[in-house]
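These figures come from a predicted structure and were not determined experimentally.
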Amino acid sequence: MSTHRRTIAVLCSRGRVAANQGHSSSFKFGYIKMRSSRNRACAMVVVKCIRHLFFLFVLCEGFHRQLYSLSFENIAIGLDSIRQDKIKATVEFLASSHFRGRATGSPEAMLTAGYISSIFQRNGLKPLLHSSDFIQSFEITRTIPKPNSYFELRQRGGESYSFRINKDFVPASWGADALIMQKEGVFVGYGITAPRLNYDDYEGLDIRDKIVIMLTKVPDNEQDSFRQVSRTDYGDPIRKSIWAAHKGAAGVIRVLGPEEKLPSSSICDFNQAEAHLTIRLKSLKIPVITLTFEAGQQLLSKCIPPHIQRQNLSQIIQLINKELRPQTFKLEGELRLATEYRRRPVQGYNIIGVIPGSDPTLKDEYIIIGAHHDHVGVDDKGQIFFGADDNASGTAALLELSEAFQANMLKPRRSILLAAWGAEEIGLLGSRYYIRKPAVPLENTVAMFQMDMIGRNAQHQADAVNSFPREVAAENQNSLNVLGTWLSPDLRSSIETSNIRAGLDLKFPSDLEAIELMRRSDQWPFLKQGIPVLFLFTGFHPDYHQLTDTADKINFAKMEKILRLLYLTVWELTEARDQPTLKKALFEKLTYTGKIK
């Protein structure tokens with residue numbers, strides 16, 4: 001904030017106090033002493049003029065929403081409390097050997113949750129609604145398929161063809177246990193229903209009590225609409241399985257693409273096994289297996305009806321991709337399968353603290369600030385992945401902000417919810433659980449800010465697949481990527497205005513550059529609910545998910561600036577008369593908005 005802007009804000013504040021003390025025989029406005037009613041009237045005129053000047057200045061600097069009266073003096077204590085030496089101490093502690101990489105399901109994950117809870121409590125945050133605890137626990141299921149699962153084709157002539165587990169197929173980790181099942185099979189293309197994109201593999205098809213065979217991912221056509229959305233939405237394998245079950249399918253067989261590898265089912269260590277939200281697995285009660293592309297070729301070659309124009313899997317895929325028109329048919333013969341698993345439940349932890357709003361009406365609206373606290377733990381040799389940048393940096397930032405927002409006498413009009421998410425590294429499971437079981441109504445959530453890897457200087461080679469340009473660390477010592485502004489210009493306006501004081505080099509990746517990156521951290525489940533989000537991220541570097549992601553490489557001076565930027569931005573939003581808006585048309589174009597979670 002420039003000096004003259006601060007001066008105007010201070011004068012407004014002093015003038016407002018003076019005007020409200022009209023019952024007194026004398027009061028001060030700056031250095032001017034007012035004693036008569038005439039002078040008080042003059043003071044009111046001066047106050048109004050200064051207020052007009054202030055709001056004109058603010059509008060010129062980029063504010064597009066009218067604010068309630070807010071003096072910088074009233075929030076300066078909190079801003080000044082954000083210091084890099086404190087941030088450094090917290091990052092070094094979280095990224096130390098005491099926490100052994102903070103892996104989900106480990107004793108250190110519980111230790112991390114307890115530590116964050118204690119800081120929230122010390123800083124005066126309130127726990128979850130209707131609870132005396134800051135911790136929101138959720139159950140995760142880790143799954144290992146048993147070797148006695150099997151799959152075979154039984155042809156009409158009595159012949160059978162068996163597929164080998166771990167060679168040709170593996171039971172999908174999210175599927176249900178199933179005793180011996182023998183059903184008719186139906187090929188359903190990609191198994192996608194996308195009304196907005198004019199595509200439906202299930203149109204006119206009866207799959208009730210049948211086993212469906214589907215391709216993984218989504219149609220691949222350079223001109224097709226699927227390239228304009230997050231491809232992981234329609235291609236999400238669990239969502240596709242749940243949708244098939246919703247349509248009445250008795251089971252699902254997924255056929256991998258030619259370049260996809262079969263997931264390993266030889267894992268015996270539950271710590272390495274795939275993990276899913278237990279609450280989500282309970283919604284799927286049919287078996288699911290994954291077949292290699294070669295096994296899929298063999299399966300269809302033996303049971304494609306003679307009237308089908310394309311007689312092998314490669315030709316069928318090419319036809320669907322080229323014409324973007326479903327190719328579905330009933331198989332000749334029956335499919336016989338059985339699946340069985342070993343399962344182990346583990347606990348995940350979200351740590352949630354609330355700073356209640358002071359306005360009688362706006363206190364029921366919430367701004368969420370989040371960061372995931374988990375990392376990947378230790379390897380099989382006992383070596384620690386410290387996760388200093390990913391994401392001790394974001395967690396330390398969250399704790400620093402929990403103190404800063406409470407340091408002022410003035411309290412925000414809207415409520416602020418601070419959340420340290422668990423199990424992000426294994427599928428955003430903590431934030432996904434929160435969406436299912438929110439601490440406050442999602443419709444009352446005004447905006448969400450996610451801090452993930454905010455402590456380094458971006459350094460990596462160009463990545464054409466993910467639209468990442470080459471980055472050099474020396475050129476990014478003061479830079480911050482802010483993702484999501486293309487969906488909410490209001491949030492961009494707010495953060496750009498706050499950056500006048502913070503002084504960072506802000507980068508705003510476009511939607512095409514950012515959409516796939518956006519899905520990789522905890523802001524994604526909130527965006528999918530239509531909530532405006534910003535993702536703060538300093539960029540990838542060679543130590544990402546390596547043993548070398550250590551605290552000594554963190555740029556703490558830049559972290560201090562980032563926290564001050566977010567502090568000012570959130571304060572503005574707590575005082576804004578209007579909520580930030582989302583470009584709904586663009587949002588619906590870029591994301592799947594179906595109700596299956």
Between the side chain of [X] and the main-chain N/O of [Y], is any donor-acceptor distance below 3.5 Å?
X      : Y      : answer
Arg564 : Met559 : no
Glu424 : Gly430 : no
Thr569 : Leu565 : yes
Lys411 : Pro356 : no
Asp549 : Phe386 : no
Ser498 : Ile495 : no
Ser402 : Phe120 : no
Thr485 : Leu491 : no
Glu139 : Gln347 : no
Asn481 : Pro509 : no

Taking the side chain as every heavy atom from C-beta outward, state whether [X] and [Y] have any pair of such atoms under 4.5 Å apart.
X      : Y      : value
Leu399 : Tyr115 : yes
Thr445 : Gln529 : no
Leu536 : Gln450 : no
Asp374 : Tyr349 : no
Ile416 : Val354 : no
His375 : Glu425 : yes
Glu400 : Glu560 : no
Trp571 : Pro412 : yes

If you round to the nearest 0.5 Å, how far is [atom2] of [Y] from [atom1] of [X]?
X      : Y      : atom1 : atom2 : answer
Ile367 : Leu573 : CD1   : CG    : 4.5 Å
Met448 : Leu534 : CE    : CG    : 10.5 Å
Leu94  : Ser393 : CG    : OG    : 10.0 Å
Lys363 : Ser358 : NZ    : OG    : 9.5 Å
Ile368 : Leu418 : CD1   : CG    : 10.0 Å
Phe385 : Thr548 : CZ    : OG1   : 9.0 Å

Residues that Arg344 engages under salt bridge (Lys or Arg N to Asp or Glu O under 4.0 Å), provided they are two or more places apart: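 With neighbours one apart ignored, the set is empty.
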
For Arg492, salt bridge (Lys or Arg N to Asp or Glu O under 4.0 Å) partners two or more places apart: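 If we apply the salt bridge (Lys or Arg N to Asp or Glu O under 4.0 Å) test to Arg492, skipping adjacent residues, the hits are Glu496.
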
Examine the side chains of [X] and [Y] and answer whether a donor and an acceptor come within less than 3.5 Å of each other.
X      : Y      : result
Asp390 : His545 : yes
Asn476 : Glu471 : yes
Asp490 : Ser488 : no
Thr278 : Thr141 : yes
Ser521 : Asp452 : yes
Asn457 : His541 : no
Lys561 : Asn478 : yes
Ser173 : Thr143 : no

What are the two closest non-hydrogen atoms of [X] and [Y], and how far apart are they?
X      : Y      : result
Ala103 : Gly377 : CB-CA, 3.5 Å
Met451 : Asn391 : O-ND2, 3.0 Å
Phe134 : Leu125 : CZ-O, 3.4 Å
Ser494 : Glu572 : OG-OE2, 3.0 Å
Ile116 : Ala420 : CD1-CB, 3.8 Å
Thr538 : Ser479 : CG2-O, 3.9 Å

What I want to find out is whether [X] reaches [Y] closely enough, with some N-O distance under 4.0 Å, to be called a salt bridge.
X      : Y      : value
Arg142 : Glu274 : no
Glu403 : Lys86  : yes
Arg102 : Glu108 : no
Lys381 : Asp379 : no

Stepwise side-chain contact (heavy atoms from CB on, under 4.5 Å) check, Leu480 with Lys507: CA-CA 6 Å; Leu480 172 68; Lys507 298 181 178 181; over 6 Å; no

Ring pair (Phe, Tyr, Trp, His ring centres under 6.0 Å) evaluation trace for Trp421 with Tyr434: CA-CA 9 Å; Trp421 312 113; Tyr434 180 91; 5.4 Å; yes

Give a yes or no on this: more than 12 heavy atoms of other residues, nucleotides or ligands lie within 6.0 Å of atom NZ of Lys558.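 Counting other residues, nucleotides and ligands, NZ of Lys558 exceeds 12 neighbours.
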
Around atom CD of Gln121, are there more than 12 heavy atoms of other residues, nucleotides or ligands at under 6.0 Å?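 Incorrect, the count does not exceed 12.
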
Do Gln136 and Tyr433 pass the side-chain contact (heavy atoms from CB on, under 4.5 Å) test, and can you show the C-alpha distance, the side-chain angles, and the key distance before you say yes or no? CA-CA 9 Å; Gln136 180 187 54; Tyr433 182 83; 3.9 Å; yes

Please identify each residue that fulfils ring-ring contact (aromatic ring centres under 6.0 Å, His included) with Phe537, with sequence neighbours left out.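 Only Phe535, Phe540 meet the ring-ring contact (aromatic ring centres under 6.0 Å, His included) criterion with Phe537.
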
Ring geometry between His276 and Trp174 (parallel below 30°, tilted from 30 to 60°, perpendicular above 60°):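 Because their plane-to-plane angle is over 60°, the rings of Trp174 and His276 count as perpendicular.
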
Which is it for Asn74 and Asn408 under the side-chain contact (heavy atoms from CB on, under 4.5 Å) test, yes or no, and what are the steps along the way? CA-CA 7 Å; Asn74 291 332; Asn408 310 297; over 6 Å; no

Given the rule in the side-chain contact (heavy atoms from CB on, under 4.5 Å) test, do Leu429 and Ile426 qualify, once you have shown the distances and angles that lead to the verdict? CA-CA 7 Å; Leu429 300 188; Ile426 54 175; 3.9 Å; yes

Could you walk me through whether Asp543 and Lys553 pass the salt bridge (charged side-chain N to carboxylate O under 4.0 Å, His left out) test, one step at a time? CA-CA 9 Å; Asp543 301 307; Lys553 298 173 184 174; 3.4 Å; yes

